Amino acid sequence: MSAQHEEDDLAPTTTPGYKPSAAKSVDEYAKLDAEDESLARWKASLGIVPGAPATGSGPKVTILSLELASPTLPPGKHLVMNVQDPNELANIKKNPVTIKEGVEFNVRINFKVNHSIISGVRYIQVVKRSGIKVDKMEKMLGSYGPHPKGEAYTKNFDPEESPSGMLARSGTYQVRSRVVDDDGEVYADWEWCFKIGKEW
């Protein structure tokens, strides 16, 4: 498969005719429609308050970890990938995560908004097996501003069911994950692997 085709798989879908508006600072957003009480409460929930950190250097978003969560996981077991640790990511490519067959699980992303307001930021995941694309997931993270206390946000995506059967259990699935915004700015791009097993 060509590198261009792989990049096309990881590009966010677009809506014809939609053009993102010009970027504004957090303070500019805080002052917009200041007299609208319900809008002011909504903006405050996003960390958009007068005097909030306006701009900064570096990426607007830092992806901290990806987690696979399931009520069927054994007590005390957590499947968390530290996206900031290249050694851990390299290890997960060599030693794939095992997902139990036929169970409900969901992907959870932990991230921090460093500065500015984010909207149109998406998580895209392309799953391949033996080099052939078998699944693509594209999910919106939502709209966020820097957390008033500097804390990370967690986004839980809708549950899905893992494949099952002897065929699903044979082989390894290669995953490429990317977090990108409407402007095409990539905040994180990493690869990992998983296998389907009879147990976690």
Side-chain angles (χ1 to χ4, degrees), residues 3 6-12 23 25-26 45-48 52-70 73-100 105-128 133 135-160 162 172-196 200:
E6 190 168 318
E7 282 302 310
D8 291 345
D9 280 344
L10 290 162
S25 71
V26 174
S45 75
L46 295 174
I48 305 170
T55 58
S57 60
K60 290 188 275 187
V61 180
T62 301
I63 306 303
L64 303 171
S65 64
L66 178 137
E67 182 176 355
L68 301 178
S70 174
L73 273 168
K77 183 164 186 168
H78 301 283
L79 295 176
V80 181
M81 284 174 246
N82 178 353
V83 177
Q84 297 297 306
D85 184 350
N87 293 329
E88 185 174 328
L89 293 176
N91 185 44
I92 290 172
K93 281 180 72 176
K94 288 183 216 163
N95 303 303
V97 172
T98 300
I99 298 174
K100 185 176 179 178
F105 74 98
N106 71 296
V107 174
R108 182 180 292 163
I109 299 268
N110 296 298
F111 62 99
K112 187 172 182 184
V113 179
N114 299 316
H115 58 85
S116 304
I117 303 298
I118 65 164
S119 66
V121 178
R122 300 165 198 202
Y123 172 71
I124 300 171
Q125 172 179 292
V126 175
V127 180
K128 293 182 180 179
K133 182 172 78 171
D135 188 38
K136 178 179 179 180
M137 178 173 89
E138 180 174 347
K139 299 290 184 178
M140 187 66 72
L141 286 179
S143 299
Y144 299 87
H147 194 282
K149 296 179 183 173
E151 297 172 4
Y153 292 101
T154 298
K155 175 67 177 182
N156 285 299
F157 297 122
D158 294 334
E160 52 189 287
S162 61
T172 300
Y173 296 82
Q174 295 82 30
V175 183
R176 179 130 177 232
S177 294
R178 178 178 281 182
V179 178
V180 61
D181 68 14
D182 281 341
D183 296 325
E185 186 171 349
V186 177
Y187 298 109
D189 191 337
W190 72 99
E191 295 178 12
W192 55 287
C193 296
F194 70 88
K195 293 190 290 190
I196 301 296
W200 287 101

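Predicted model only: the values in this text are computed from it and were never measured.
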Within this structure, what is the NZ-CD1 distance for the pair Lys136 and Ile124, rounded to the nearest 0.5 Å?
5.5 Å
Closer than 3.5 angstrom, by distance alone: can the side chain of Tyr123 be matched with the main-chain N or O of Arg108 as a donor-acceptor pair?
no
Please check: side-chain N/O of Lys155 versus main-chain N/O of Gly142, any donor-acceptor pairing under 3.5 Å?
no
Please list, chain by chain and in numerical order, all residues satisfying salt bridge (charged side-chain N to carboxylate O under 4.0 Å, His left out) with Lys93, sequence neighbours excluded.
Glu191
Side chain to side chain contact (heavy atoms under 4.5 Å, CB included) involving Leu89 - partner list, sequence neighbours excluded:
Trp190
Does Lys100 have any salt bridge (charged side-chain N to carboxylate O under 4.0 Å, His left out) partners at least two apart in sequence or in another chain, and if so, which?
Glu199
side-chain contact (heavy atoms from CB on, under 4.5 Å) assessment of Phe105 paired with Leu73:
CA-CA 9 Å; Phe105 74 98; Leu73 273 168; over 6 Å; no
Pair Tyr144, Phe111 - check ring-ring contact (aromatic ring centres under 6.0 Å, His included), show working.
CA-CA 11 Å; Tyr144 299 87; Phe111 62 99; 5.0 Å; yes
Between the side chain of His115 and the main-chain N/O of Gly58, is any donor-acceptor distance below 3.5 Å?
yes
So, Glu67 side chain and Ile109 main chain: donor-acceptor pair closer than 3.5 Å or not?
no
Could you state the interatomic distance from CD1 (Ile196) to CD1 (Ile99), rounded to the nearest 0.5 Å?
5.0 Å
How long is the straight-line distance from CD1 of Ile92 back to SG of Cys193, given to the nearest 0.5 Å?
9.5 Å
Heavy-atom donor-acceptor pair, Asp183 side chain to Glu185 backbone, under 3.5 Å:
no
Nearest-0.5 Å distance that lies between atom CG in Leu66 and atom CD in Gln125
7.0 Å
side-chain contact (heavy atoms from CB on, under 4.5 Å) evaluation trace for Trp200 with Leu79
CA-CA 10 Å; Trp200 287 101; Leu79 295 176; 3.4 Å; yes
First locate atom OG1 of Thr98, then atom CG of Leu68, and finally report the distance between them rounded to the nearest 0.5 Å.
11.0 Å
Check the pair Arg122 / Asp182 against side-chain contact (heavy atoms from CB on, under 4.5 Å), numbers first and verdict last.
CA-CA 8 Å; Arg122 300 165 198 202; Asp182 281 341; 3.1 Å; yes
Distance (rounded to the nearest 0.5 Å) between Asp158 CG and Met137 CE
9.5 Å
Would you say that Asn114 contacts Pro59 through its side chain, given a criterion of any heavy-atom pair below 4.5 Å between the two side chains?
yes
Intermediate values then yes/no, side-chain contact (heavy atoms from CB on, under 4.5 Å), His147 and Val113:
CA-CA 7 Å; His147 194 282; Val113 179; over 6 Å; no
